[in-house]
Amino acid sequence: MNILMIGCGKMGGAMLRRWCDASDHSFTVIDPAKPDLPQKVRVEADLSELGGEIFDMIIVAIKPQMIEAVLPDYKNSLKNGGVVVSIAAGFALRNFSKILGDVPLVRVMPNLPALIGLGATGLYANTLCSTGQKKTVEDLMEAVGRAFWVGSEDELDKVTAISGSGPGYVFQIIESYIAAAEKLGFKPDEARALVLQTILGATEMANRSDEAISALRESVTSKNGTTEAGLNALNANGALDTLMRETTDAAYKRAIELQ
């Protein structure tokens, strides 16, 4: 496919580099900053340099607040039956339709680990998207991690609250965990290494296991042992469960507000 990307910041650039390695698609980027990208990517500063070329897919990777001002100029750059893909958070498909009319549209919600090929990406398509178009978008997103289709934009907002914002929650937990290790007397580099390896090992073990997470937790929790003592403090009276619900609810409500 001949694919045009509008804007190419840190996330868009990282994804594009992986797409170049994983596919035979032809990529063109429009970005005034003219970012440094793989040699096979054509990079132009503005639309006028395309000479009226049209594309099978347009990927919108600019900030949401720029879309209404920028995207109308690209309306004629999409082939008849082509698909528009947005990785701009919080810009609903109905707003794209107001600008572009009735065209196949896919909203994508990637997260930060897509930068290293370990992303969790939510996808939602309108009814005009063909099976082939959805498969092409899915293949692109699988190149940067795992792709998860949802059945509504509301579900995509929920994906935003869980995996889109989720790395921030995890980084905060890691930061607090490291601080606790330092409080016990470990040097900062020792605390960081111990905590990160512990989380990496536990996560990978859970990923490889078919057991319920609760069963894995119980397997390391001896009666009246150290883990039980720690867990009783961590989730006393369900405090951690409540906190995580409040965290994801707050993010979900904000995602709705941004529509």
Side-chain angles (χ1 to χ4, degrees), residues 5-7 11-12 14-15 18-19 57-65 67-68 71 82-173 203 206-207 210 212-214 240-259:
M5 176 180 276
I6 308 172
M11 177 67 78
M15 297 173 82
R18 290 189 173 272
W19 295 339
M57 178 187 294
I58 294 178
I59 299 174
V60 181
I62 54 178
K63 294 178 180 179
Q65 58 268 31
I67 293 175
E68 290 183 346
L71 193 57
V83 60
V84 175
V85 178
S86 170
I87 63 172
F91 201 85
L93 291 188
R94 65 178 180 275
N95 295 323
F96 279 105
S97 295
K98 289 177 183 177
I99 298 170
L100 300 172
D102 293 329
V103 300
L105 292 162
V106 181
R107 271 189 66 194
V108 172
M109 182 65 239
N111 69 355
L112 190 62
L115 297 177
I116 60 169
L118 292 173
T121 302
L123 302 95
Y124 174 69
N126 69 3
T127 56
L128 296 175
C129 281
S130 68
T131 300
Q133 288 170 331
K134 291 174 67 174
K135 181 64 168 61
T136 298
V137 177
E138 180 180 319
D139 287 345
L140 289 173
M141 298 310 148
E142 287 282 346
V144 298
R146 291 187 61 188
F148 302 86
W149 285 101
V150 296
S152 69
E153 284 196 275
D154 181 62
E155 287 185 43
L156 196 65
D157 289 333
K158 292 174 181 177
V159 169
T160 301
I162 298 299
S163 62
S165 298
Y169 316 151
V170 175
F171 292 144
Q172 178 63 70
I173 291 167
T203 301
N207 199 39
D210 292 328
I213 301 300
S214 58
L240 181 61
D241 295 337
T242 299
L243 182 60
M244 289 309 301
R245 284 196 300 271
E246 291 175 348
T247 298
T248 53
D249 283 349
Y252 170 53
K253 289 174 183 177
R254 183 57 180 154
I256 295 173
E257 291 171 356
L258 290 172
Q259 293 292 335

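Position 1 is the first residue of the sequence; numbering continues from there.
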Taking all atoms of both residues into account, what is the closest heavy-atom pair of [X] and [Y], and its distance?
X    : Y    : answer
L105 : V83  : N-CG2, 4.4 Å
W19  : L140 : NE1-O, 2.7 Å
A147 : L123 : CB-CD1, 3.3 Å

Selection residues 152-167 - residue pairs positive for salt bridge (Lys or Arg N to Asp or Glu O under 4.0 Å), sequence neighbours left out: R107-E153, D154-K158
Contacts of type side-chain hydrogen bond (donor to acceptor under 3.5 Å, both in side chains), residue N111, not counting sequence neighbours: none
Partner set under side-chain hydrogen bond (donor to acceptor under 3.5 Å, both in side chains) for D241, not counting sequence neighbours: N235
Under the rule for side chain to side chain contact (heavy atoms under 4.5 Å, CB included), what residues qualify as partners of [X], not counting sequence neighbours?
X    : result
T242 : R245, E246
A206 : I213, L216
E257 : R254
I162 : T248

Qualifying side chain to side chain donor-acceptor pair (under 3.5 Å) pairs with a residue from residues 134-144, counting only residues at least two apart or across chains: K135-D139, E138-W149
Pairs meeting criterion side chain to side chain donor-acceptor pair (under 3.5 Å) with involvement of residues 115-125, two or more places apart: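 Output for this query is empty, none listed.
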With P104, the side-chain contact (heavy atoms from CB on, under 4.5 Å) member among L128, V84, T127: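 Testing each of L128, V84, T127 against P104, the sole residue satisfying side-chain contact (heavy atoms from CB on, under 4.5 Å) is L128.
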For residues 86-97, tabulate all N or O donor-acceptor pairs below 3.5 Å that involve a side-chain atom, not counting sequence neighbours.
| from | atom 1 | to | atom 2 | distance (Å) |
| --- | --- | --- | --- | --- |
| S86 | OG | A88 | N | 3.1 |
| S97 | OG | L93 | O | 3.2 |

Nearest-0.5 Å distance that lies between atom CD1 in I58 and atom CE in M5: 12.0 Å
Show me the side-chain donor-acceptor pairs of residues 164-173 shorter than 3.5 Å, one per line, residues at least two apart or across chains.
| from | atom 1 | to | atom 2 | distance (Å) |
| --- | --- | --- | --- | --- |
| S165 | OG | T160 | O | 3.3 |
| Y169 | OH | A161 | O | 2.7 |
| Q172 | NE2 | S176 | OG | 3.3 |

